[in-house]
Amino acid sequence: MSRRVVVTGMGAVTPIGIGVKAFWEGITREQIGFAPITRFDASAYKCRLAAEVKDFQPENYMDKKSARRMELFCQFAVAAAGEAIQDAGLDMEKEDAYRVGCSIGSGIGSLQAMEREYGRLLEKGPSRVAPLFVPLMISNMAAGNVSIAFGLKGKSLNVVTACATGTNSIGEAMRTIQYGDADVMIAGGTEGAVTPIGIAGFTSLTALSDSTDPARCSLPFDRDRSGFVMGEGAGVVILEELEHARKRGAHIYAEMLGYGCSSDAYHITSPAEDGSGAARAMENALRDGGVAPEKVTYINAHGTGTHHNDLFETRAVKLVFGEHAKALKINSTKSMIGHLLGAAGAVECIACVKQMVEGFIHRTVGLRESEEELDLNYCRESCREEVPYALSNSLGFGGHNASILLGRV
């Protein structure tokens, strides 16, 4: 029999608040994190808005020497992991460090380091490239730095599946515990890609909204949606084998019930048009969790605000749930925090847990009207309602589809 896995701690660094408490207060206030880009001069760019993390001081979460040896995406990960470990009351001195692992992914790593050191290469020659350039840049260093910071000697993973990274990282951590390779996994995603090349690249792909109005830029499922808004931050959860959590008296937020994946095998950026790939990931998660589709009442959608994603994800939901799709409440946390790329699924997992615990489903902020085929309930208003199960979707470039199913304790 598969070992049961529960969530015992959470940590978040988001555009609407640092820390889970601040993040959740932002959610309930329907706060949006969108504003003109400040990390560089974006005046010449078609896209000039982003969802940046505000007032983040790395020395509040680690010593200055450690911070200097980390790029922003790693600093976010260490900060979120520290909060999650503290929230879980996890004392590493009382744990077998080889039974505590780390699964924290980043979709991109450090574009900042790439831009900075390439500039040095061109201007000053190859001998002036920083010695730590590679370990600062590569995406696995989020998991590496978190493991080093907190003494985690178990399995250490860096899943890279573009925008599905955070959800895959949590799902693979869940599997690690179920299989018996660890008792505790620190899991999630992190990203810090609001950089000149990052914004320029996604803009050239026509993936980003070119709106200049912060209130009308990230509009999942709205007829006026024009693309996603780049966000940044990190989300980390503590996953733990149920009996291990009970023995140490840990507070249990929710149970990880199911994890499902698939590949569209269709296009490098567009999801499969009939929604079949995303549908299979949801079906696999439900089957894995032993939960019938009609028992589910809430989905946290990938919901990016691009034309293709929102339409094709809607088709996927209809394929899985049939007539029951009309009874679902579907929202998009990206309507407030933008698209955190590799961190998105992890932060949205935390949003799911909080909504289950609080009995509160947040609205999809900014949603006014949808076009004809987008005819499901995308939560134009927040509501108080028991949430026994939460299904969270993430769909990544390359056709990566991932879904996790959580259950209320």
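In what follows, residues are counted from 1 in the order of the sequence shown.
Side chain of S392 to backbone of I404: no donor-acceptor contact under 3.5 angstrom is found. Proximity of a side-chain donor or acceptor of E313 to a complementary backbone N or O of H302 within less than 3.5 Å is detected. Judged by distance alone, with hydrogens and angles left aside, the side-chain atoms of T364 form no donor-acceptor pair with the main-chain N or O of L367 at under 3.5 Å. Here the side chain of K54 pairs a donor or acceptor atom with the backbone of P15 at under 3.5 angstrom. The main-chain N or O of H244 is found under 3.5 Å from a side-chain atom of E241 such that the two form a donor-acceptor pair. In this structure, E385 contributes its side chain and G359 its backbone to no donor-acceptor pair below 3.5 Å. No donor-acceptor pair under 3.5 Å is formed between the side chain of R99 and the backbone N or O of G154. For the pair T165 (side chain) and A162 (backbone), a donor-acceptor distance under 3.5 Å is present. Looking only at distances, a side-chain donor or acceptor of E191 sits under 3.5 Å from a matching main-chain atom of G342. Side-chain atoms of D87 do not come within 3.5 Å of backbone N or O of E83 as any donor-acceptor pair.
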Practice task
Apply side chain to side chain contact (heavy atoms under 4.5 Å, CB included) to V5 and E240, showing your working.
Solution key: CA-CA 5 Å; V5 180; E240 197 164 345; over 6 Å; no
Problem - Stepwise salt bridge (Lys or Arg N to Asp or Glu O under 4.0 Å) check, R175 with D288 - result: CA-CA 11 Å; R175 286 282 186 264; D288 187 44; 3.1 Å; yes
Practice task
Might you work through the ring pair (Phe, Tyr, Trp, His ring centres under 6.0 Å) test for Y45 and F40, ending with a clear yes or no?
Solution key: CA-CA 11 Å; Y45 287 67; F40 63 94; 5.2 Å; yes
Practice task
In sequence, state the C-alpha distance, the side-chain angles, and the governing distance for H362 and E381, and then conclude on side-chain hydrogen bond (donor to acceptor under 3.5 Å, both in side chains).
Solution key: CA-CA 7 Å; H362 74 72; E381 300 296 335; over 6 Å; no
Problem - Derivation of the side-chain hydrogen bond (donor to acceptor under 3.5 Å, both in side chains) call for N300 and T333 - result: CA-CA 7 Å; N300 188 291; T333 307; 3.0 Å; yes
Exercise for the section: Might you work through the salt bridge (Lys or Arg N to Asp or Glu O under 4.0 Å) test for D183 and R3, ending with a clear yes or no? Expected result: CA-CA 10 Å; D183 297 319; R3 304 198 318 163; 3.3 Å; yes
Practice task
Using the side chain to side chain contact (heavy atoms under 4.5 Å, CB included) rule, take N393 and M282 through it: C-alpha gap first, then chi angles, then the decisive distance, then the call.
Solution key: CA-CA 8 Å; N393 293 335; M282 285 185 271; 3.3 Å; yes
Practice task
Could you walk me through whether Y253 and T8 pass the side chain to side chain contact (heavy atoms under 4.5 Å, CB included) test, one step at a time?
Solution key: CA-CA 6 Å; Y253 286 104; T8 58; 5.6 Å; no
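Residues L219 and G366 come closest through the heavy atom pair CD2-O, 3.6 Å. Nearest heavy atoms, S169 versus I104: OG-C, 4.3 Å.
For E273, there are no salt bridge (Lys or Arg N to Asp or Glu O under 4.0 Å) partners two or more places apart in sequence or in a different chain. Take E117 and apply the salt bridge (Lys or Arg N to Asp or Glu O under 4.0 Å) test, not counting sequence neighbours, and it matches R120. For A149, the side chain to side chain contact (heavy atoms under 4.5 Å, CB included) partners two or more places apart in sequence, or in a different chain, are V78. For K155, the side chain to side chain contact (heavy atoms under 4.5 Å, CB included) partners at least two apart in sequence or on another chain are L157, T176, D181. Here E30 pairs with R363 under the salt bridge (Lys or Arg N to Asp or Glu O under 4.0 Å) rule; sequence neighbours left out. Partners of Y266 by ring-ring contact (aromatic ring centres under 6.0 Å, His included), not counting sequence neighbours: none found. Legend: residues meeting ring-ring contact (aromatic ring centres under 6.0 Å, His included) with F150, ordered by chain and number and at least two apart, are absent. Partners of R39 by salt bridge (Lys or Arg N to Asp or Glu O under 4.0 Å), not counting sequence neighbours, listed by chain and number: E232.
For residues 194-216, the set of pairs meeting the ring-ring contact (aromatic ring centres under 6.0 Å, His included) definition, not counting sequence neighbours, comprises F202-F228. Identified under the ring-ring contact (aromatic ring centres under 6.0 Å, His included) test for residues 4-35, with sequence neighbours left out: W24-F360. Among residues at least two apart or in separate chains, ring-ring contact (aromatic ring centres under 6.0 Å, His included) pairs with a member in residues 364-385 are F221-Y378. Counting only residues at least two apart or in different chains, side-chain hydrogen bond (donor to acceptor under 3.5 Å, both in side chains) contacts with residues 201-213 comprise S209-S226.
Taking the ring centroids of Y389 and Y298, they lie at or beyond the 6.0 Å cut-off. Centroid-to-centroid, the aromatic rings of H267 and H308 stay 6.0 Å apart or farther.
Shown here is L205, whose CG atom has more than 12 heavy atoms of other residues, nucleotides or ligands within 6.0 Å. Counting non-hydrogen atoms of neighbouring residues, nucleotides and ligands closer than 6.0 angstrom, the CG atom of D91 exceeds 12 such neighbours. Environment of CZ in R69: sparse, with no more than 12 heavy atoms of neighbouring residues, nucleotides or ligands closer than 6.0 Å. For E59, the CD atom is densely surrounded, since the number of other residues' heavy atoms within 6.0 Å is greater than 12. Heavy atoms from other residues, nucleotides or ligands lying under 6.0 Å from CD of E115 number more than 12.
For the residue pair T314 / E373, no side-chain donor-acceptor distance below 3.5 Å is found, with atom types taken as modelled. No side-chain donor from either of N145 and Q75 sits under 3.5 Å from a side-chain acceptor of the other. Side-chain N/O atoms of N284 and S262 include no donor and acceptor closer than 3.5 Å. The closest side-chain donor-acceptor pair between S139 and N158 falls under 3.5 angstrom.
Salt bridge R315/D310: absent, no basic N to carboxylate O contact under 4.0 Å. Taking a cutoff of 4.0 Å between a charged side-chain nitrogen and a carboxylate oxygen, R225 and E371 qualify as a salt bridge. A salt bridge is defined here as a Lys NZ or Arg NE, NH1 or NH2 lying under 4.0 Å from an Asp or Glu carboxylate O, and E255 with R4 meets this definition. For the pair D375 and K318, the salt-bridge criterion is met [side-chain N within less than 4.0 Å of a carboxylate O]. The residues E71 and R116 are annotated as salt-bridged, a charged nitrogen and a carboxylate oxygen being separated by less than 4.0 angstrom. Looking at E123 and R128, no side-chain N of the basic residue comes within less than 4.0 Å of a carboxylate O on the acidic one, giving no salt bridge. Between R216 and D224 there is a salt bridge, since a side-chain N of the basic residue sits under 4.0 Å from a carboxylate O of the acidic one.
When side chains are defined from C-beta on, L328 counts as touching V317, because their heavy atoms get closer than 4.5 Å.
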